[in-house]
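Below: one structure, written as structure tokens.
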Amino acid sequence: LSGYGQAGPYRDLPSHGIGFDAVSGLAVVEDDELGRPTVPPRHVNLGTNLAPLFGATAVLAALSWSRRTGRPVLLDVAQADAAAFANLAIEDQAAEQRAIAAGSVTFPPAAPQVGAGAQVQRPTMQAYRTRDGRLLLLMALERKFFVRLAEAVGRPDLLEHVRDQYLTTASKEVDDAMIDILSSKDLSEWMEIFAAADVPVVPVNESSQVLEDSHLSTRIEWLDADQGTVTMKTPVHSEPSIASPRQAPAIGQDTAEILASIGIDRAEIDRLAGVGVIQLAPEV
């Protein structure tokens, strides 16, 4: 069980719980009274709460399988993957993309997820707009990460505003400086800089952006569902891989076969269908 999993571009990035929701489109960022992006303090982290549940059930399943086969299982459960799995809007986006690519249907644009006008205190873990208009969540809560942050942006003077030995606290001077600094480069540039400096940052994605995220796009696996849609595969990655479930049968698809297996002849099956006792799927 880890933050971003055992593979992918974000594998070694440090983070806090809200970061897993932010990259997965679940952390709503609101504008404060000055129009600055702000993470509301009321947010409840889903990735950190769900991933242990997936991990525990996966361990039980793996133990059962290993006892039957005598073979080991490697499990990879990431909190970011669990958060993405909880965001049903990602499936809607994937289905929309497939439908548009197939030329079968178009969808109205999704409603924006960003609120406005919320007056909340700006904590140390905060979102900032980059030069290309994207949102970057900065999580340099611990002093060691803030030291690396100050060095990475070339502003060691910012350390004058951090007096605690272990944690950083909200500071208008630091906040104003970060607004100016982070607006000077694009999101992708800052991600490279901070990854090299081992500073906990992550893009704040909307659901529509998750499928293009450089990390989650390599982690999310898809299953074909009925009616031409898709559904996300369980966020548990394993070796050997988990078998994909079969699609749910259509109503009545297997009824005739099952009834025939217990000795009911075809004439009686057709009679039951004719009076509405059973429903048979149309023959293709």
Side-chain angles (χ1 to χ4, degrees), residues 2-31 36-39 43 45-48 51 76 78-85 87 90 93 113-114 122-156 158 168 174-220 235 237:
S2 62
Y4 295 112
Q6 302 305 309
Y10 301 168
R11 170 188 167 174
D12 297 322
L13 277 180
S15 185
H16 286 277
I18 193 171
F20 310 128
D21 287 11
V23 74
S24 303
L26 289 177
V28 176
V29 173
E30 301 175 344
D31 286 351
R36 301 171 302 186
T38 302
V39 178
H43 179 79
N45 300 328
L46 289 178
T48 55
D76 175 14
Q79 294 168 74
D81 294 353
F85 188 81
N87 189 351
I90 298 175
Q93 292 292 331
Q113 293 185 317
V114 179
R122 296 177 60 79
T124 304
M125 290 196 291
Q126 195 50 260
Y128 297 92
R129 285 192 179 91
T130 55
R131 183 173 59 188
D132 53 350
R134 292 292 306 276
L135 292 176
L136 179 72
L137 181 64
L138 181 64
M139 298 173 285
L141 175 62
E142 293 82 3
R143 182 183 176 89
K144 64 177 182 179
F145 289 131
F146 192 85
V147 170
R148 298 171 192 170
L149 167 69
E151 294 174 349
V153 300
R155 289 289 304 275
L158 294 178
T168 60
V174 171
D175 188 47
D176 290 344
M178 295 314 302
I179 290 174
D180 292 336
I181 292 170
L182 295 180
S183 64
S184 66
K185 297 181 185 296
D186 292 349
L187 175 70
S188 59
E189 296 177 87
W190 284 124
M191 287 298 298
E192 290 184 10
I193 292 171
F194 290 135
D198 198 28
V199 176
V201 295
V202 74
V204 180
N205 288 327
E206 295 183 9
S207 296
S208 60
Q209 297 169 321
V210 171
L211 297 176
E212 283 73 45
D213 184 86
S214 62
H215 181 80
L216 289 179
S217 62
T218 69
R219 302 280 305 177
I220 296 176
H237 295 259

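The figures that follow rest on heavy atoms only: side chains count, while hydrogens, waters and symmetry mates do not. Computed from a predicted structure; not experimentally measured.
Listed for the H237 side chain is no donor-acceptor partner under 3.5 Å among the backbone atoms of A7. Side-chain atoms of S24 come within 3.5 Å of backbone atoms of A80 as a donor-acceptor pair (strictly under, hydrogens ignored). A donor-acceptor distance shorter than 3.5 angstrom exists from the side chain of D21 to the backbone of L46, with no hydrogens or angles considered. In terms of modelled atom types and a separation under 3.5 Å, the side chain of W190 and the main chain of L182 share a donor-acceptor contact. E192 contributes no side-chain N or O that, together with a main-chain N or O of E189, makes up a donor-acceptor pair within less than 3.5 Å.
Using a 4.0 Å cut-off between charged nitrogen and carboxylate oxygen, D175 and R36 count as a salt-bridge pair. In summary, D31 and R129 engage in a salt bridge, as defined by a charged side-chain N under 4.0 Å from a carboxylate O.
Remark: of the listed residues V199, I193, I181, I181 is the sole one forming a side-chain contact (heavy atoms from CB on, under 4.5 Å) with V153.
Judged as a salt bridge (Lys or Arg N to Asp or Glu O under 4.0 Å), the pairs with a partner in residues 193-203 (not counting sequence neighbours) are, in order, R148-D198.
The side-chain hydrogen bond (donor to acceptor under 3.5 Å, both in side chains) search around R155 returns D157, not counting sequence neighbours. Checked against side-chain contact (heavy atoms from CB on, under 4.5 Å), A195 has the following partners two or more places apart in sequence or in another chain: L13.
Note on ring orientation: taking the six-membered ring where Trp is involved, the planes of Y10 and H215 are parallel (angle under 30°, cut-offs 30° and 60°).
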